[in-house]
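Only one structure is covered here, and it is reproduced in the block below.
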Amino acid sequence: MILEIFSYLLRFIAIILLQILVVNNIELSSYINPYIYVAFILTLPVTMKPWQIVFLSFILGAAMDAFSSTPGLHIAATNFMGYMRIHYLRATTTKEDIEGRMVPSISQKGIVWFSVYGFVMVFMHHLVLFFLEIYGFHEFFRTLSRVFVSTLVTLLLIVVGQLLFFRSKKGNG
């Protein structure tokens with residue numbers, strides 16, 4: 001249990017540092033903003049209690065807001081994503097996944113399932129984040145296209161990270 005908490009703490013710190021020190025400093029365009037830190041929420045175990053997911057989403061969003069000078073934007077987006085993740089996984093996972101302590105990842109569920117799951121969750125996060133950022137719907141289609149493109153780039157980076165750093169578990173998906 002302590003080892004598992006320590007592992008999550010290290011992942012939390014590593015992904016925030018990667019986002020802040022590397023990804024935020026890569027200028028793709030003002031149109032494309034990948035936020036790979038959401039991978040932390042995506043890959044939490046399905047057996048975590050809903051309040052734990054929302055709490056960790058809040059802490060992650062607060063950390064990003066602190067480093068990005070965006071008071072509350074990342075908190076709102078990550079909390080929404082964490083809350084919706086609970087419902088999405090209830091609808092798309094089996095009882096065996098939950099009893100087997102499944103962690104949503106390419107190595108456990110396959111690239112297609114993870115890509116669809118990741119796209120839906122990242123799209124929801126970016127939708128809330130970018131529309132809160134412009135504070136309105138006056139640039140609706142421009143913001144929606146920005147959400148879509150940023151979601152694709154974010155998902156691509158997360159999938160590449162999964163393929164590079166996580167080994168396939170034999171016998172699973």
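Along the sequence shown, the residues carry numbers beginning at 1. Everything numeric in this text was worked out from a predicted model, so none of it was measured.
- Of the inter-residue distances, the one linking Thr143 atom OG1 with Leu132 atom CG reads 11.0 Å to the nearest 0.5 angstrom.
- Taking hydrophobic clusters as Ile, Leu, Val, Met, Phe, Trp and Tyr residues chained together by side-chain heavy-atom distances below 4.5 Å, Leu9 shares a cluster with Leu21.
- Listed by first and then second residue, the salt bridge (Lys or Arg N to Asp or Glu O under 4.0 Å) pairs that reach into residues 65-82 come to none, sequence neighbours excluded.
- With no hydrogens or angles considered, no side-chain donor-acceptor pair links Thr70 and Ser68 at under 3.5 Å.
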Sequence neighbours excluded and cut-off under 3.5 Å, please list the side-chain donor-acceptor pairs for residues 111-129, or say none.
from	atom 1	to	atom 2	distance (Å)
Ser115	OG	Ile111	O	2.7
Tyr117	OH	Leu42	O	2.7
Tyr117	OH	Arg85	NE	3.1
His125	NE2	Tyr37	OH	2.9
His126	ND1	Val122	O	3.4
His126	NE2	Thr154	OG1	3.1

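- Residues Val149 and Ile36 share a hydrophobic cluster, clusters being chains of Ile/Leu/Val/Met/Phe/Trp/Tyr side chains in contact below 4.5 Å.
- Under a hydrophobic-cluster definition in which Ile, Leu, Val, Met, Phe, Trp and Tyr are linked whenever side-chain heavy atoms come within less than 4.5 Å, directly or via other members, Ile13 and Val38 are assigned to the same cluster.
- Looking only at distances, a side-chain donor or acceptor of Gln52 sits under 3.5 Å from a matching main-chain atom of Lys49.
- For Arg142, the salt bridge (Lys or Arg N to Asp or Glu O under 4.0 Å) partners at least two apart in sequence or on another chain are Glu139.
- Counting only heavy atoms from C-beta outward, the side chains of Met81 and Ser57 never approach each other to under 4.5 Å.
- Every side-chain contact (heavy atoms from CB on, under 4.5 Å) that Ile26 has, sequence neighbours left out, goes to Val22, Leu28.
- Among residues two or more places apart in sequence or in another chain, the side chain to side chain donor-acceptor pair (under 3.5 Å) test is passed with Tyr83 by His87.
- No single ILVMFWY cluster, assembled from side-chain heavy atoms under 4.5 Å apart, contains both Ile5 and Val103.
- Taking both residues in full, the closest heavy atoms of Pro104 and Leu89 are given as CG-CD1, 4.1 Å, listed atom of the first, atom of the second, then distance.
- Taking CG from Leu155 and OG from Ser150, the interatomic distance works out to 12.0 Å, rounded to the nearest 0.5 Å.
- Partners of Pro50 according to the side-chain contact (heavy atoms from CB on, under 4.5 Å) rule, which considers only residues two or more places apart in sequence or in another chain, are Ile86, Arg90.
- Taking the side chain as every heavy atom from C-beta outward, Tyr35 and Val23 never approach each other to under 4.5 Å.
- Interatomic distance, Thr92 OG1 to Lys109 NZ, rounded to the nearest 0.5 Å: 7.0 Å.
- The salt bridge (Lys or Arg N to Asp or Glu O under 4.0 Å) contacts involving residues 144-165 comprise Glu133-Arg146, where partners must be two or more places apart or lie in separate chains.
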- [ ] Please step through side-chain contact (heavy atoms from CB on, under 4.5 Å) for the pair Ile53 and Leu44, ending with a clear verdict.
- [x] CA-CA 8 Å; Ile53 299 292; Leu44 290 171; 3.7 Å; yes
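- At least one side-chain heavy atom of Ile41 sits less than 4.5 Å from a side-chain heavy atom of Leu60.
- For Ile20, the side-chain contact (heavy atoms from CB on, under 4.5 Å) partners two or more places apart in sequence, or in a different chain, are Ile16, Asn24, Met64, Phe67.
- For Phe140, the ring pair (Phe, Tyr, Trp, His ring centres under 6.0 Å) partners are Phe131, not counting sequence neighbours.
- Nearest heavy atoms, Thr78 versus Phe58: OG1-N, 4.5 Å.
- By the 4.5 Å heavy-atom criterion applied to side chains, Pro45 and Met102 are not counted as neighbours.
- When all heavy atoms are compared, the tightest approach of Pro34 to Gln19 is O-NE2, 3.3 Å.
- Phe12 is linked by a ring pair (Phe, Tyr, Trp, His ring centres under 6.0 Å) to Phe40, counting only residues two or more places apart in sequence or in another chain.
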